[in-house]
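Down below is the structure, laid out as structure tokens.
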Amino acid sequence: GIYKVGNPGAESPVFLTTNFALTYYTVESDIASNGIDAYIISINTDGIGVQASVAGGQLNPTKIKDAFTEADFKWENQKYPAIVLPGMAAKFSGELEDLFGGKAKIMVGPEDSGRIIGWMKDFWPPKK
């Protein structure tokens, strides 16, 4: 599902991760400890981490699109409608752009969530 970290609003990023507990809680902690108000969408990969689920097919563009549809995320409420993919899922960016049909910009985040704060300084908000 989609979870809130801090007090996210219309200008907040939407980070994507898997439902592997260690991965999810690490991403959440790295976002919260840096005072970032954000949304996290956790994709059900049967508890497998990002790198292994990308390689094994448990994380794929269709599953990501379906997760946003099921969560009924309101892109029209976002000033910067964008999804921040984990760096290890970068290969999905083009197909996701097509699947979302312009509703959301697909951005590639860092491979390590500990680098989110530096990534935010360089890439958020997204340029049009």
Crowded around K105 NZ? As in, over 12 foreign heavy atoms under 6.0 Å?
yes
Using a 6.0 Å cut-off, check whether atom CD of Q51 has over 12 heavy atoms from anything other than its own residue.
no
Any side-chain heavy atom of [X] within less than 4.5 Å of one from [Y]?
{"X": "V84", "Y": "L16", "answer": "no"}
{"X": "S29", "Y": "T26", "answer": "no"}
{"X": "E28", "Y": "D30", "answer": "no"}

Which heavy atom of [X] sits nearest a heavy atom of [Y], and at what distance?
{"X": "A89", "Y": "L85", "result": "O-CD1, 3.5 Å"}
{"X": "G87", "Y": "V108", "result": "CA-CG1, 3.9 Å"}
{"X": "A38", "Y": "S12", "result": "CA-CB, 4.1 Å"}
{"X": "T18", "Y": "G49", "result": "OG1-CA, 3.7 Å"}

Just checking, is any N or O donor in the side chain of N7 or D37 under 3.5 Å from an acceptor N or O on the other one?
no
Taking it one step at a time, do M120 and D122 satisfy side-chain contact (heavy atoms from CB on, under 4.5 Å)?
CA-CA 5 Å; M120 292 283 294; D122 292 338; over 6 Å; no
Is NZ or CZ of K65 both nearer than 6.0 Å to the six-membered ring centre of F100 and within 45° of the ring axis?
yes
When you group the ILVMFWY residues by side-chain heavy-atom contacts below 4.5 Å and let the links chain together, are [Y] and [X] in the same group?
{"X": "V54", "Y": "F20", "result": "no"}
{"X": "Y24", "Y": "I48", "result": "no"}
{"X": "Y80", "Y": "W75", "result": "no"}
{"X": "I117", "Y": "V14", "result": "no"}
{"X": "W119", "Y": "I36", "result": "yes"}

Give the C-alpha distance, both sets of side-chain angles, the deciding distance and a yes or no for side-chain contact (heavy atoms from CB on, under 4.5 Å) between F73 and I41.
CA-CA 10 Å; F73 191 75; I41 184 156; over 6 Å; no
Value rounded to 0.5 Å, distance of [atom1] in [X] from [atom2] in [Y]:
{"X": "T23", "Y": "I43", "atom1": "OG1", "atom2": "CD1", "result": "13.0 Å"}
{"X": "Y25", "Y": "S42", "atom1": "OH", "atom2": "OG", "result": "9.0 Å"}
{"X": "K91", "Y": "E95", "atom1": "NZ", "atom2": "CD", "result": "10.0 Å"}
{"X": "L99", "Y": "T62", "atom1": "CG", "atom2": "OG1", "result": "5.5 Å"}
{"X": "E76", "Y": "K103", "atom1": "CD", "atom2": "NZ", "result": "7.5 Å"}

For I83, which of F15, F68, F92, Y39 qualifies under side chain to side chain contact (heavy atoms under 4.5 Å, CB included)?
F68
Check the pair K63 / L59 against side-chain contact (heavy atoms from CB on, under 4.5 Å), numbers first and verdict last.
CA-CA 6 Å; K63 197 168 202 178; L59 182 63; 5.6 Å; no
M107 and W124: side-chain contact (heavy atoms from CB on, under 4.5 Å), yes or no, with the steps?
CA-CA 10 Å; M107 302 177 76; W124 194 263; 3.8 Å; yes
Are the side chain of Q58 and the backbone N or O of D46 linked by a donor-acceptor pair below 3.5 Å?
no
